[in-house]
S.K.: 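Sharing a structure below in structure tokens format, with a few things to ask.
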Amino acid sequence: MTVNLPTRSPLFVLSILAMVLLLVSSVAGLVFNRGGNPYAFTSLRGEVVEIYGGAGLYQFDTSYKAIAFRSFDWVNLLMVLPLFGASVYLCRHGRLRGQLLLAALFTYLAYIYLIGVMGNAFNSMFLVWTALFSIGLFGLFLTLADVDVAALPDRLEPGFPRRSVALYVMGVGLILLLQYLAEIITAYVTGQPPAALDHYTTLELAALELGIMIPLHFVGGIALWKRQAPGYLISTILAFTAAMVFVALSVSLLIGYGSFGRGDPADMAITLLIAVFATGFSFVIFKRVKA
């Protein structure tokens with residue numbers, strides 16, 4: 001079953017509201033930015049970390065996180081907002097492609113802005129970010145409620161790269177699992193704060209990844225490998241969402257390396273590789289959906 005997304009439907013209203021708030025947040029993050037004046041700060045745990053400084057939304061965040069969220073602002077304007085418009089157009093014409101894309105976009109909002117409100121320093125966009133997180137969560141629920149999951153495998157063209165997508169999804173889950181476990185276990189063994197903690201109080205991103213996203217990657221990948229209908233849905237949403245997330249992270253790593261001389265070339269290479277694979281699989285999946 002597909003949805004025609006009438007203009008008075010809650011899902012349509014949430015989609016428009018998401019685009020408006022995403023535009024406001026992204027423009028605010030870029031236009032009012034007066035950062036790039038880093039300074040040293042000693043955290044509660046005695047670690048010296050680099051704060052982005054200046055003025056704007058990210059002035060009290062670390063340079064790494066500030067650059068990352070500025071990159072998300074650019075990706076929101078140049079990639080996410082046009083995709084939102086395309087997904088709404090396709091949904092209004094009853095296209096399954098639009099539903100899958102809209103589900104991924106709402107997942108992206110819930111994921112990114114939960115990280116923002118839970119992990120970033122408090123800023124003037126806190127209520128907007130909270131609204132975007134909430135819209136993403138409820139929008140995802142409403143979108144998935146209209147997807148006929150059982151019929152999804154039959155709505156795909158021949159040649160859908162099922163095994164490749166399954167291996168990719170599980171591979172991303174494994175990479176993330178090893179990354180976070182290595183950081184956390186090293187902190188336990190050495191008695192030192194995790195490297196990514198900086199001046200924040202906890203690893204909110206690690207908790208989100210280990211508790212929700214990584215299990216979803218394994219569940220989706222295994223289900224897809226076994227030709228189970230939910231696997232097609234989960235893996236498709238994760239691939240689309242990863243494309244947006246890892247493109248932004250790639251941009252942030254390149255900016256950090258070019259402007260501040262910080263960053264690990266190996267991390268950049270892995271992030272860029274995942275961004276390329278996620279974008280490629282998203283394109284192939286999009287093309288293989290019949291309607």
Side-chain angles (χ1 to χ4, degrees), residues 3-7 9-33 56-58 65-93 95-117 120 123-144 236-252 254-255 271 275-276 278-283 285-287 289:
V3 62
N4 293 100
L5 203 62
T7 54
S9 68
L11 187 57
F12 180 83
V13 173
L14 285 179
S15 299
I16 299 302
L17 186 57
M19 286 189 279
V20 171
L21 293 181
L22 196 61
L23 177 63
V24 170
S25 174
S26 300
V27 170
L30 295 172
V31 172
F32 298 115
N33 173 67
L57 298 186
Y58 312 120
K65 185 167 283 189
I67 294 170
F69 267 78
R70 286 190 64 203
S71 300
F72 281 115
D73 290 333
W74 280 114
V75 169
N76 289 342
L77 291 175
L78 301 178
M79 182 177 178
V80 177
L81 279 171
L83 287 176
F84 247 118
S87 67
V88 170
Y89 173 83
L90 291 171
C91 281
R92 285 184 55 77
H93 288 77
R95 306 294 292 273
L96 178 60
R97 288 190 180 102
Q99 282 183 285
L100 296 176
L101 181 56
L102 192 59
L105 289 163
F106 281 129
T107 302
Y108 169 85
L109 291 186
Y111 174 79
I112 293 300
Y113 289 101
L114 177 60
I115 295 171
V117 297
N120 283 54
N123 60 55
S124 59
M125 286 290 109
F126 178 81
L127 289 178
V128 174
W129 287 7
T130 302
L132 284 168
F133 158 66
S134 181
I135 289 170
L137 189 63
F138 287 99
L140 175 62
F141 174 79
L142 292 175
T143 305
L144 294 183
T236 296
I237 292 175
L238 289 176
F240 283 179
T241 304
M244 294 177 280
V245 171
F246 280 97
V247 165
L249 290 178
S250 298
V251 172
S252 70
L254 291 172
I255 292 175
T271 304
V276 170
T279 304
F281 279 125
S282 298
F283 178 78
I285 292 170
F286 194 79
K287 295 289 290 184
V289 177

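Hydrogens, waters and symmetry mates are skipped; everything else that's a heavy atom, side chains included, is used.
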S.K.: Please give me the minimum heavy-atom distance between A248 and S71, naming the atom from each residue.
M.R.: O-CB, 3.3 Å
S.K.: side-chain contact (heavy atoms from CB on, under 4.5 Å), that's the test. Do N123 and W129 meet it? Break it down for me.
M.R.: CA-CA 10 Å; N123 60 55; W129 287 7; 3.5 Å; yes
S.K.: Taking all non-hydrogen atoms of both residues, which atom of F84 and which atom of A18 are closest, and how far apart?
M.R.: CZ-CB, 3.9 Å
S.K.: Hey, does the side chain of S252 reach the backbone of L249 with a donor-acceptor pair shorter than 3.5 angstrom?
M.R.: yes
S.K.: Using the benzene-type ring in the case of Trp, are the ring centres of F281 and F286 under 6.0 Å apart?
M.R.: no
S.K.: Kindly compute the distance separating CG (L11) from CD (Q99), expressed to the nearest 0.5 Å.
M.R.: 8.5 Å
S.K.: Using only atom types and a distance under 3.5 Å, with no angle test, would you say the side chain of T279 pairs donor to acceptor with the backbone of V276?
M.R.: no
S.K.: Do the side chains of V27 and L77 get nearer than 4.5 Å, heavy atoms only?
M.R.: yes
S.K.: Do Y111 and V245 have side chains that approach each other closer than 4.5 Å (heavy atoms only, starting at C-beta)?
M.R.: yes
S.K.: Between atom CG of L102 and atom OG1 of T143, what is the distance when rounded to the nearest 0.5 Å?
M.R.: 4.0 Å
S.K.: Is there a side-chain contact between L137 and F141, using heavy atoms and a 4.5 Å cut-off?
M.R.: no
S.K.: Do N33 and L57 touch side chain to side chain, with heavy atoms closer than 4.5 Å?
M.R.: no
S.K.: Side-chain contact, heavy-atom cut-off 4.5 Å: F133 with I115?
M.R.: no
S.K.: Starting at CG of L100, measure out to CG of L105 and round the result to the nearest 0.5 Å.
M.R.: 11.0 Å
S.K.: Is the shortest heavy-atom distance from the side chain of W74 to the side chain of M79 under 4.5 Å?
M.R.: no
S.K.: Who are the side chain to side chain donor-acceptor pair (under 3.5 Å) partners of N76, not counting sequence neighbours?
M.R.: S26, Y108, Y113
S.K.: Please answer whether the main-chain N or O of L21 pairs with a side-chain N or O of S25 as donor and acceptor at a distance below 3.5 Å.
M.R.: no
S.K.: Can you find a heavy atom in the side chain of F138 that is under 4.5 Å from one in the side chain of P10?
M.R.: no
S.K.: Between CD1 of I237 and OG1 of T241, what distance do you get to the nearest 0.5 Å?
M.R.: 7.0 Å
S.K.: Say you draw a straight line from CG of L30 to CG of D73; how long is it, rounded to the nearest 0.5 Å?
M.R.: 4.5 Å
S.K.: Does atom CZ of F12 have more than 12 heavy-atom neighbours, drawn from other residues, nucleotides or ligands, at distances under 6.0 Å?
M.R.: yes
S.K.: Please determine whether side-chain contact (heavy atoms from CB on, under 4.5 Å) holds for the pair S15 and F106, giving the CA-CA distance in whole Å, both sets of side-chain angles, and the decisive distance to 0.1 Å.
M.R.: CA-CA 9 Å; S15 299; F106 281 129; 3.6 Å; yes
S.K.: Checking R70 against Y58: charged group under 6.0 Å from the ring centre and within 45 degrees of the axis?
M.R.: no
S.K.: Which pair of non-hydrogen atoms, one from F69 and one from G116, has the smallest distance, and what is that distance?
M.R.: CZ-CA, 3.8 Å
S.K.: Any chance you could measure R95, atom CZ, to R97, atom CZ, to the nearest 0.5 Å?
M.R.: 5.5 Å
